[in-house]
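Data block below; observations after.
We use all heavy atoms of the structure for the numbers below, so side chains are in, but hydrogens, waters and symmetry mates are not. Ligands are counted one by one from 1 in listed order, and the atoms in each one are counted from 1 as well.
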Amino acid sequence: MSKLPNVTTSIFTVMSKMAAEYNAINLSQGFPNFPVDERLSKIVSQLAYEDVHQYTPMSGYPPLLAKIATLVKSSYNRTILPDTEILVTAGATQAIFTTLLALLKPDDEVIILDPSYDCYEAPILLSQAKPIRIALNDDYTPNWNTIANAFSDKTKMIIINNPHNPTGKILNESDFENLETLLEKHPNVLLLSDEVYEYITFEQKHISTHTRKKLFDRCIMVSSFGKSFHITGWKIGYLVAPEYLMKEIKKVHQFLVFSVNSICQVAVSKYIDLVDVNEIGSFYQEKRDYFRSLLQNSRFELMPCEGTYFQVVSYAKISNESDVDFCKRLITDYGVAAIPISTFYADGKDLKLIRFCFAKDNQTLEEAARRLCKI
Ligand code: GLN
């Protein structure tokens with residue numbers, strides 16, 4: 001008897017595996033293919049010889065906790081307490097899993113906005129709580145009336161993801177006003193804010209929950225150094241939560257991982273000082289603009305991309321196939337891997353849209369575009 005009968009292998013794994021089998025250019029799973037910052041490589045190689053190989057304290061290596069607090073202060077002018085309000089996690093995935101397992105009880109309802117990233121639902125189901133998946137509008141703006149109507153006396157939490165994977169959409173001021181008004185009416189509902197792409201926005205600046213005082217006492221904010229520092233394989237991130245929630249979250253964290261990989265924590269704590277997070281957005285904006293320009297003469301229609309390192313395109317003018325079939329054929333016939341957007345919807349809604357990751361070196365983007373322009 002499976003505890004998760006409907007869960008299958010993630011679409012990211014499926015597409016990356018197929019890309020490898022067919023030797024295709026992998027623009028499916030989101031990860032950079034360019035080398036990490038050499039300064040970070042140097043830090044890591046030096047650390048191999050230092051005394052950094054044993055457990056750190058459970059909630060994180062203290063200098064890293066302090067530097068996360070400094071980063072949040074300098075990015076958003078919010079003061080958070082390193083000892084009680086920050087937890088270093090094995091990536092955002094573990095932050096999210098741990099939070100949901102710690103805070104949900106059987107029959108609680110959690111509102112998720114579709115298309116949604118794939119790691120939210122399983123921990124909700126394992127907590128015997130109920131995911132309530134509400135579709136965003138077709139232009140990926142939230143429909144606050146539909147969302148408000150989904151609230152019930154069982155609603156325990158709403159999850160937002162901003163900037164948004166897979167759509168590249170970001171929430172604006174009026175979205176936050178609507179969210180705050182809604183949550184004021186539901187004082188016991190918590191907010192889980194997945195902001196792993198917080199530093200990857202373009203024309204408009206990211207609005208973080210760290211700047212929304214009204215949300216502080218009920219918000220769990222999740223971030224990932226994997227995204228911000230181009231090190232997805234390190235699996236290191238953190239969450240910020242008010243102390244009364246953090247106490248519960250740490251109860252689960254200490255038995256799930258106890259403490260996160262020590263060398264990675266020390267390395268990130270040293271590297272943070274060298275990085276200007278304000279440059280991450282312009283770095284990826286250049287890649288976005290270059291990739292879009294390369295696809296300009298293709299038959300794909302480019303959707304807006306306000307943040308993240310994902311470009312969604314429509315293939316409606318090219319084919320009627322389902323997006324999953326189209327992505328498979330894109331690999332087998334054209335040698336480029338993408339992610340079908342229907343897999344992010346509970347009902348598999350298929351709008352003939354696929355997602356490309358542009359966190360790649362220019363040569364890869366050029367060769368992928370050359371192949372895509374032939375279709
Ligand atoms: N976040 C990555 C993506 O959206 C996938 C990471 C994973 O495979 N779990 O492509």
Side-chain angles (χ1 to χ4, degrees), residues 4 7-21 24-34 89-100 112-124 136 140 159-170 192-201 222-239 256-257 260 264 280 284 287-288 291 303 305-313 323-324 327-328 330-331 336-345 353-360 364-365 368:
L4 297 168
V7 172
T8 51
T9 306
S10 105
I11 190 69
F12 311 112
T13 305
V14 170
M15 286 299 163
S16 277
K17 188 163 172 267
M18 198 171 164
E21 270 166 24
I25 298 176
N26 189 0
L27 304 190
S28 64
Q29 196 177 26
F31 62 89
N33 80 335
F34 40 83
T89 58
T93 310
Q94 188 239 314
I96 292 164
F97 192 97
T98 306
T99 298
L100 293 170
I112 299 178
L113 307 178
D114 277 1
S116 60
Y117 184 61
D118 69 348
C119 79
Y120 308 141
E121 194 165 77
I124 296 173
L136 294 167
Y140 301 133
I159 302 180
I160 56 170
N161 171 212
N162 176 43
H164 189 256
N165 179 7
T167 68
K169 206 56 196 154
I170 62 176
L192 176 56
S193 182
D194 176 347
E195 299 180 41
V196 298
Y197 302 99
E198 62 179 316
Y199 295 115
I200 312 179
T201 59
V222 173
S223 189
S224 171
F225 290 117
K227 312 294 166 193
S228 301
F229 296 164
H230 324 297
I231 46 170
T232 60
W234 286 32
K235 296 300 298 185
I236 182 163
Y238 61 91
L239 66 87
L256 196 57
V257 288
V260 171
C264 291
I280 302 168
Y284 278 119
K287 294 218 170 282
R288 179 203 65 173
F291 187 54
M303 299 293 127
C305 171
E306 301 170 334
T308 75
Y309 44 50
F310 301 116
Q311 173 64 55
V312 174
V313 304
D323 60 0
V324 174
C327 281
K328 287 184 179 158
L330 208 53
I331 295 178
V336 180
I339 295 288
I341 301 290
S342 68
T343 56
F344 294 77
Y345 283 96
L353 296 167
I354 60 175
R355 188 198 82 176
F356 292 119
C357 172
F358 57 79
K360 306 292 170 190
T364 305
L365 296 177

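Note that Lys360 lies in the cation-pi zone of Phe31, set by a 6.0 Å cut-off to the ring centre and a 45° limit from the axis.
Between Phe225 and Tyr238, the ring-plane angle classifies as tilted under the 30° and 60° cut-offs. Ring orientation note: the planes of Tyr197 and Tyr309 are nearly perpendicular, at an angle over 60° on the 30°/60° scale.
Within the 4.0 Å heavy-atom criterion, the part of Asn165 lying near ligand 1 is the side chain and not the backbone.
Pairing each heavy atom of Thr89 with each of Val260, the nearest pair is C-CG2, 3.4 Å. The heavy-atom pair separating Cys305 from Arg288 by the smallest distance is O-NH1, 2.8 Å.
Counting atoms of ligand 1 from 1 in the listed order, those under 4.0 Å from a heavy atom of Lys227 are 1 (N).
Where the criterion is an N or O separation shorter than 3.5 Å, residue side chain and backbone included, Gln29 meets it with respect to ligand 1.
Heavy-atom proximity to atom 1 (N) of ligand 1, evaluated over Phe12, Phe31, Tyr117, is greatest for Tyr117. Between the choices Met15, Lys235, Arg355, the shortest heavy-atom distance to atom 3 (C) of ligand 1 belongs to Arg355.
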